Protein chains: 2
Amino acid sequence: MSQDLPVTSYALLGLLTFGDELTGYELKQRADRTLGFYWVAPAMSQVYSELSRLHRLGLVDASDDRTEGRSTRRYQISAEGRKRLRAWLADQPLEFPVLKHPVALRLLLGHLADPEQTRALLDEHREALTRRIADLQAVRESLRGRDEAGQPFRYPAMVADWGLEYFASEHTIIEKLLTRLEEEG
Amino acid sequence: MSQDLPVTSYALLGLLTFGDELTGYELKQRADRTLGFYWVAPAMSQVYSELSRLHRLGLVDASDDRTEGRSTRRYQISAEGRKRLRAWLADQPLEFPVLKHPVALRLLLGHLADPEQTRALLDEHREALTRRIADLQAVRESLRGRDEAGQPFRYPAMVADWGLEYFASEHTIIEKLLTRLEEEG
DNA sequence: ACAGCCATGTAACTCGTTACATGATTAC
DNA sequence: GTAATCATGTAACGAGTTACATGGCTGT
């Protein structure tokens, strides 16, 4: 029964539980706007191969639209898929988050660089962070009006708020580190 | 010249820049106490295979201790290794952090679980977080006395402080989310 | 004596990436 | 007419994991 799938498969399957039928291309876009912030933004090719595996396993249903020229294939989650996803949520032991943070890694090796380089590193990260915050804010705004208890985007909105607070805190930390570097020389 | 290595190779190489000679086993322990918090804690087997690659490339020097019975091999970074690492730090474009956060992923799918299950999820994460904070605090304490500007563990200490602030902020966010779930029902 | 840690590796596997290949539709 | 976007895949590859295999040393 439980031939186990990677988390990313369940993540993509989960993105199909919001009531619509998506093409692989559209699913990739949704993943970029949601999963990308706290899981991964899978490559286009992986989205397609995951979808075909999920289809092979009967966890999604596919419908071909071949109305003129370009042929598209839309996927929706199946009853079996919903069942498997719920079972996964209930049974799967909770893992601790994994962070891959190139900036922290490079700061660790600060003794190999000159101070100016280290400052530039943090500064560049601060800017990237600002851009990322703007992106997430746009996502958060797009959920307004359907984000209350009982509404469809309640939980996505909670996750987005979480992300915004996380980014805000990271921004503060980076500024503190920069100050510390300047003061201590 | 630049046959490029994965970041993890440079990370492990970087752990050898703190002035000592380590066995694979010891390097794995150091990785668990440092890299594990903001990069990855590579499997034992990977530590050995990375070391043998670094050795093959001349980036680390190895010395065999075969004094009676158990044979051990200690590695230290070579001059060439230090050069390559510095070059990597200087040239490598800065990537944005990647977070793999199972709790956020599952909260996103809150509409598939009952409220009690979601609360339990956050609660369990809060506890795991508390344990992880204690671990990092122990690491941080072990650096005291050599963590000022100009001292060997200045940067590791900065990274540890960063991590502690990050965890503290995550802890606060989780508590806010739990309150919000209770209030809104 | 036995458990737990120290110590080193090999083999099989899979996840996920990049590069490649193809072509339709839309906007300017 | 041409660039960007929509749309779907295949192939080769590498990073990193788990499982397996071996054995010495240390504390109780």
Side-chain angles (χ1 to χ4, degrees), chain A residues 2-13 20-33 35-36 39-57 60 62-75 93 95-96 98-100 102 105, chain B residues 2-13 21-33 35-36 39-57 60 62-75 88 93 95-96 98-100 102 105:
Chain A
S2 163
Q3 75 269 65
D4 238 13
L5 296 169
V7 179
T8 302
S9 304
Y10 289 107
L12 290 174
L13 193 56
D20 40 13
E21 225 184 355
L22 300 182
T23 65
Y25 193 89
E26 288 163 348
L27 181 57
K28 161 66 174 163
Q29 290 180 317
R30 181 172 294 180
D32 286 345
R33 289 170 52 91
L35 287 188
W39 190 252
V40 275
M44 195 69 249
S45 67
Q46 197 194 355
V47 172
Y48 284 113
S49 54
E50 286 297 347
L51 280 172
S52 67
R53 164 159 61 177
L54 292 171
H55 186 243
R56 184 164 34 79
L57 296 172
V60 296
S63 66
D64 290 307
D65 277 324
R66 181 172 294 282
T67 34
E68 306 291 312
R70 171 163 54 181
S71 75
T72 64
R73 179 164 254 230
R74 296 192 167 270
Y75 294 90
E95 311 265 320
F96 199 81
V98 171
L99 181 60
K100 287 192 152 198
L105 175 60
Chain B
S2 160
Q3 76 267 65
D4 237 11
L5 295 169
V7 179
T8 301
S9 304
Y10 289 107
L12 290 173
L13 192 57
E21 227 185 354
L22 300 182
T23 66
Y25 194 90
E26 288 163 347
L27 181 57
K28 160 68 173 161
Q29 290 179 317
R30 182 171 293 181
D32 286 346
R33 289 170 52 93
L35 287 188
W39 190 252
V40 277
M44 195 68 249
S45 68
Q46 198 193 353
V47 173
Y48 285 112
S49 55
E50 286 297 349
L51 280 173
S52 66
R53 165 160 58 178
L54 292 171
H55 186 245
R56 184 163 35 78
L57 296 173
V60 296
S63 66
D64 289 307
D65 278 323
R66 182 173 294 280
T67 34
E68 304 293 311
R70 171 163 54 181
S71 74
T72 62
R73 179 164 253 231
R74 296 193 167 270
Y75 295 91
W88 177 77
E95 310 264 322
F96 198 81
V98 171
L99 181 61
K100 286 192 154 199
L105 176 59

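A note on names: the letters A, B, ... follow the listed sequences, proteins ahead of strands, and every chain is numbered from 1. Everything quoted here is computed from the prediction, not taken from an experiment.
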Please determine, for the side chain of [X], which listed nucleotide ([options]) has the closest atom?
X      : options                   : answer
S45(A) : dT10(D), dC15(C), dA19(D) : dT10(D)
T23(B) : dT18(C), dA7(C), dA7(D)   : dA7(C)
M44(B) : dT8(C), dA15(D), dG16(C)  : dT8(C)
T72(B) : dC15(C), dA7(C), dT17(C)  : dA7(C)
Y75(B) : dG9(D), dC5(C), dG9(C)    : dG9(C)
R53(B) : dA7(C), dG9(D), dA15(D)   : dA15(D)

Requested in this report: Could you label the plane-to-plane angle of the Y75(B) and H55(B) rings as parallel, tilted or perpendicular, counting under 30° as parallel and over 60° as perpendicular?
Outcome: perpendicular
Taking atom [atom2] of [N] as reference, at what distance in whole Å does atom [atom1] of [X] sit?
X      : N       : atom1 : atom2 : value
R30(A) : dA7(D)  : CZ    : P     : 14 Å
D32(B) : dC6(C)  : CG    : C1'   : 14 Å
E50(B) : dG14(D) : CD    : C1'   : 11 Å
R73(B) : dC6(C)  : CZ    : C1'   : 17 Å
L27(A) : dA7(D)  : CG    : P     : 12 Å
W39(A) : dC15(C) : CH2   : C1'   : 12 Å
L51(A) : dT10(D) : CG    : P     : 13 Å
R74(B) : dT8(C)  : CZ    : P     : 8 Å

Give a yes/no on whether any side-chain N or O of [X] is located under 4.0 angstrom from OP1 or OP2 of [N].
X      : N       : value
Y48(B) : dG9(C)  : no
Q46(A) : dT17(C) : yes
T8(B)  : dG16(D) : yes

Query raised in the report: Which of these passes side-chain contact (heavy atoms from CB on, under 4.5 Å) with Q46(A): T8(A), L12(A), L51(A)?
Result: T8(A)
Query raised in the report: When you match G24(B) and K100(B) each to their closest nucleotide on DNA chain C, which lands nearer the 5' end?
Result: G24(B)
**Report entry** Spacing of OG1 belonging to T23(A) relative to CG belonging to D65(A), to within rounding of 0.5 Å
**Finding:** 10.0 Å
Query raised in the report: Got a second to check how far E50(B)'s CD is from K28(B)'s NZ, nearest 0.5 Å?
Result: 13.0 Å
Query raised in the report: Taking NZ, NE, NH1 and NH2 as the nitrogens, is one of them in K100(A) or E95(B) under 4.0 Å from a carboxylate oxygen of the other?
Result: no
